[in-house]
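Everything numeric in this text was worked out from a predicted model, so none of it was measured. In what follows, every chain begins at residue 1, and chains take the letters A, B, ... in the order their sequences are listed.
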Amino acid sequence: MIAQVVFDLPLEGPFDYLIPSSLKSSIAPGLRVNVLLGTKKRTGLVTGLLEQSSFENLKSIKSVIDEKPLLDQAQMDLGSDLSRYYGCSLGEALFTILRGSSVIESSVIARSEATKQSNKIATLPAVARNDNNDKLTLHVVPSGDYVPILVSVMKPLVQRKQRVLILGPDQFAVQAIQEALKKYFSKNDYFIGARSMVFRSLMGIALVMMVDEDNPSYKQEQTPLYETRQVLLMRAKRENIDVVFISATPSVEIMDLVHKGKIHLKNYPARGLVKPQAVDLNNYKILLKGLLSPAVLSALERNVSGGTKSILVFNHRGSYAVTRCSECGFVLKCGRCDSPMLYWRAKKQYFCRHCSFHCEPDIVCPHCQVPSWKSFGLGIEPLQKALQEKFPTSRILTFERRSPQILKDYDILVGTSALLRFKYQIQAALVVLLDIDEELNRLDIRSCFRAFSLAGHLRGMAQGQFLIQTRHPNHYVIKSFSEDDADIFYREDMRIRRELALCPFGHQVMIHLRSLQQKLGQQAAQELYQALNSLSSPNVSMKIHAPVAEAVAKKRDQYRLNILVQGEDVIDMIAFIKKAMRQTKRRSKVIVVLNVDP
DNA sequence: AGCACGCCGACT
DNA sequence: GTCGGCGTGCTC
């Protein structure tokens with residue numbers, strides 16, 4: 001007998017290994033084995049059994065690690081779906097699933113529910129599930145108060161002793177959900193976890209709920225760069241499971257499925273939500289610090305004198321602060337990245353936004369040898385200072401990504417969009433989004449959704465008044481708020497996406513190339529670009545864009561280039577790109593990563 | 001990815 | 001002579 005084995009390596013497999021007669025009864029698909037690959041001992045996963053192999057001189061399996069399969073049949077199938085969609089090897093996909101499905105727990109399940117099947121791989125039991133259109137549901141909760149929905153959906157299932165799987169965008173959210181559900185359910189009534197929990201075995205689970213569906217943290221940052229929503233949709237299709245998505249500002253991708261009738265929509269009237277107001281900056285000549293309009297200042301004044309809280313959110317994007325030598329104008333840059341250093345007041349140091357690089361303020365200018373630096377551009381700290389002068393007796397705090405915690409004792413809180421991490425815990429009488437325009441004007445189509453979603457979530461924090469400052473009051477993102485009609489946003493965003501054949505009306509695969517040597521990276525990109533072009537024929541409608549350096553071309557000493565491929569079908573595009581990659585010689589010093597719908 | 005193998009230049 | 005850098009190709 002022969003076992004097919006895959007590895008957590010970018011290798012197309014599977015590899016055939018002889019099963020020694022002593023291990024014959026203990027080997028099955030879905031369990032891990034130790035084998036020699038080349039000269040090195042490695043852990044692989046058995047994907048199948050064969051009578052014969054087309055390879056000669058097979059090596060033997062050294063030992064078996066698991067007693068029972070760690071993955072069920074559905075998870076094994078998901079592995080091949082993942083590898084074809086995200087362009088990783090089957091082994092990388094299956095080991096990703098393995099790490100996400102909390103091995104110990106699922107082996108307990110495999111033992112308890114599959115005892116009569118010996119070590120055979122478990123298949124989904126025939127559970128009577130909904131067979132109508134209600135299998136996939138989207139609950140839109142503009143207020144962001146998703147807990148009542150979780151409770152009402154879960155309650156009947158828990159009463160029938162059925163189990164639910166809950167996905168939260170990150171560990172903060174998962175803890176918050178657990179805390180909120182304590183009042184209603186016991187810990188054994190449901191499973192919960194962050195994005196990798198989407199890979200868990202669905203045996204014994206009646207429903208999966210994905211909380212805050214549009215949260216960007218649902219995208220994995222390492223290969224395979226999967227999108228949790230997409231994985232869940234793949235599983236729903238194959239495994240016939242019920243799924244509930246919950247969001248305050250649903251992604252355009254999921255709204256498209258709603259429009260196509262594939263997802264059932266439930267809207268919750270925006271009870272208690274404040275009506276957003278756009279502040280047209282074109283009406284004002286002078287802004288404090290270039291960012292605070294008289295309208296916002298008077299709203300702040302009202303709340304300060306009334307003793308209520310205000311939150312100002314500075315979106316930061318695009319407005320880069322720069323530090324220059326006051327003698328010669330030389331820009332202080334990070335040694336490892338292609339980006340300017342920023343001053344961090346609390347630590348009294350300059351730091352790089354992309355890596356851990358930092359330096360003392362008395363560092364001398366390499367040109368004129370003078371340690372005299374001046375920072376330009378705006379951060380939240382100068383903003384805080386300016387406000388403190390305006391409101392000397394108020395408590396004005398700052399919050400950004402690096403802040404250790406959010407303090408509650410304030411009159412005015414000046415923060416970045418990192419505040420969103422605590423969006424359901426924070427509330428204030430007045431919430432102001434200071435700068436949204438930079439986000440509206442970007443070429444990236446997703447940035448309009450980011451703007452929409454940022455504003456949508458901030459609105460949920462506001463108890464009395466929500467202001468958006470803008471110079472583009474007629475932009476569709478702004479209009480969707482000032483006219484309080486989210487459909488204005490979705491209709492127009494989908495129209496643009498359809499016109500440009502962007503996600504979800506077409507797909508993009510970004511090929512990221514990076515190397516410590518700029519030349520090598522450029523060579524590799526050029527070669528791959530040529531291979532892609534020579535492979536493409538007129539009957540495959542794929543657009544291949546020439547390699548472009550990333551916005552921050554050098555990050556952590558690595559030079560970065562991107563090749564963008566546009567097309568209709570992701571699986572076709574991935575197969576096409578992989579073919580082109582096989583035709584170009586692999587360089588050990590150039591790392592290539594595929595990013596589907598970045 | 002990680003490793004061996006093989007080809008060149010530099011050096012005790 | 002031989003040590004070691006790097007490019008190439010393979011792993012069942």
Side-chain angles (χ1 to χ4, degrees), chain A residues 1-24 26-66 69 76 79-80 82-84 86-100 220-226 511-528 530-531 556-561 574 577-595:
Chain A
M1 275 290 257
I2 285 145
Q4 297 181 290
V5 179
V6 295
F7 302 92
D8 193 13
L9 294 171
L11 290 178
E12 301 302 328
F15 292 76
D16 295 351
Y17 285 88
L18 282 172
I19 304 175
S21 53
S22 59
L23 296 178
K24 216 162 192 171
S26 46
I27 285 188
L31 44 77
R32 291 171 301 166
V33 290
N34 286 319
V35 296
L36 231 49
L37 176 67
T39 53
K40 231 190 152 191
K41 190 180 152 189
R42 285 193 172 278
T43 296
L45 185 82
V46 179
T47 56
L49 301 174
L50 295 173
E51 291 297 327
Q52 285 187 3
S53 170
S54 51
F55 292 89
E56 288 163 23
N57 304 326
L58 297 190
K59 288 177 181 151
S60 289
I61 289 174
K62 288 274 167 280
S63 60
V64 188
I65 298 173
D66 308 302
M76 299 289 275
S80 56
L82 277 184
S83 73
R84 278 181 304 144
Y86 290 109
C88 61
S89 70
L90 177 61
E92 287 173 306
L94 287 172
F95 275 89
T96 300
I97 294 172
L98 212 52
R99 280 189 291 272
Q220 167 77 27
E221 283 134 337
Q222 278 137 30
T223 344
L225 285 80
Y226 64 86
I511 309 171
H512 299 290
L513 297 104
R514 56 179 210 267
S515 174
L516 287 167
Q517 285 146 274
Q518 194 168 20
K519 268 214 172 128
L520 266 183
Q522 281 167 349
Q523 269 173 29
Q526 207 53 45
E527 242 173 77
L528 181 56
Q530 275 158 20
R556 293 167 186 255
D557 280 329
Q558 290 185 314
Y559 294 88
R560 290 146 185 273
L561 289 158
I574 291 290
I577 293 165
K578 292 221 114 181
K579 197 173 166 193
M581 283 170 64
R582 276 195 297 276
Q583 282 182 15
T584 56
K585 58 169 179 269
R586 211 189 100 242
R587 282 168 232 250
S588 51
K589 286 175 182 163
V590 181
I591 298 161
V592 183
V593 175
L594 301 184
N595 194 351

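- One interatomic measurement links the two molecules: CZ of A/Arg514 to C1' of B/dA1, which rounds to 13 Å at whole-angstrom precision.
- Distance A/Gln4 CD to C/dT11 C1': 16 Å, rounded to the nearest Å.
- If you measure from atom CE of A/Met581 to atom C1' of B/dA1, you get 13 Å, rounded to the nearest angstrom.
- Checking each of A/Val6, A/Leu37, A/Leu90 against A/Leu11 for a side chain to side chain contact (heavy atoms under 4.5 Å, CB included) leaves exactly one that passes, namely A/Leu37.
- In this entry the distance linking CG of A/Asp8 with P of B/dA1 reads 11 Å, nearest Å.
- A donor-acceptor pair is defined here as one N or O able to donate and one able to accept, closer than 3.5 Å; no such pair exists between the side chain of A/Lys578 and the backbone of A/Arg84.
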Notebook entry, point to check: Going through the distances and angles, do A/Arg582 and A/Glu12 end up as a salt bridge (Lys or Arg N to Asp or Glu O under 4.0 Å)?
Noted result: CA-CA 11 Å; A/Arg582 276 195 297 276; A/Glu12 301 302 328; 5.2 Å; no

Quick test: give all pairs of protein nitrogen or oxygen and nucleotides 5-9 of chain C nitrogen or oxygen below 3.5 Å, distance rounded to 0.1 Å.
none

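- Summarising the local packing, NZ of A/Lys579 is surrounded by 12 or fewer heavy atoms from other residues, nucleotides or ligands at distances under 6.0 Å.
- Atom-to-atom, CZ of A/Phe55 to P of C/dC10 comes out at 12 Å; the value is rounded to the nearest Å.
- Of the residues in residues 36-49 of chain A, those lying under 4.0 Å from DNA chain C by heavy-atom distance are A/Leu36, A/Leu37, A/Gly38.
- Using a 4.5 Å cut-off on side-chain heavy atoms (C-beta onward), A/Ser63 and A/Asn34 make contact.
- Contact annotation for A/Leu58: backbone-only contact, meaning every heavy-atom pair under 4.0 Å involves sugar-phosphate atoms and none involves a base.
- Rounded to a whole Å, the CD atom of A/Glu12 is 13 Å from the C1' atom of B/dA1.
- A 4.5 Å side-chain heavy-atom check between A/Val35 and A/Phe7 finds at least one atom pair inside the cut-off.
- Between the CG atom of A/Leu11 and the P atom of C/dT11 there is a distance of 11 Å, rounded to whole Å.
- Distance alone, capped at 3.5 Å, places no donor-acceptor pair between the A/Tyr559 side chain and the A/Lys519 backbone.
- Legend: residues meeting side chain to side chain contact (heavy atoms under 4.5 Å, CB included) with A/Ser53, ordered by chain and number and at least two apart, are A/Ile2, A/Asp16, A/Phe55, A/Leu58.
- The structure places CD1 of A/Ile591 at 10.0 Å from CG of A/Leu513, a figure rounded to the nearest 0.5 Å.
- Between the C1' atom of C/dC10 and the CG atom of A/Leu9 lies a distance of 13 Å, rounded to the nearest Å.
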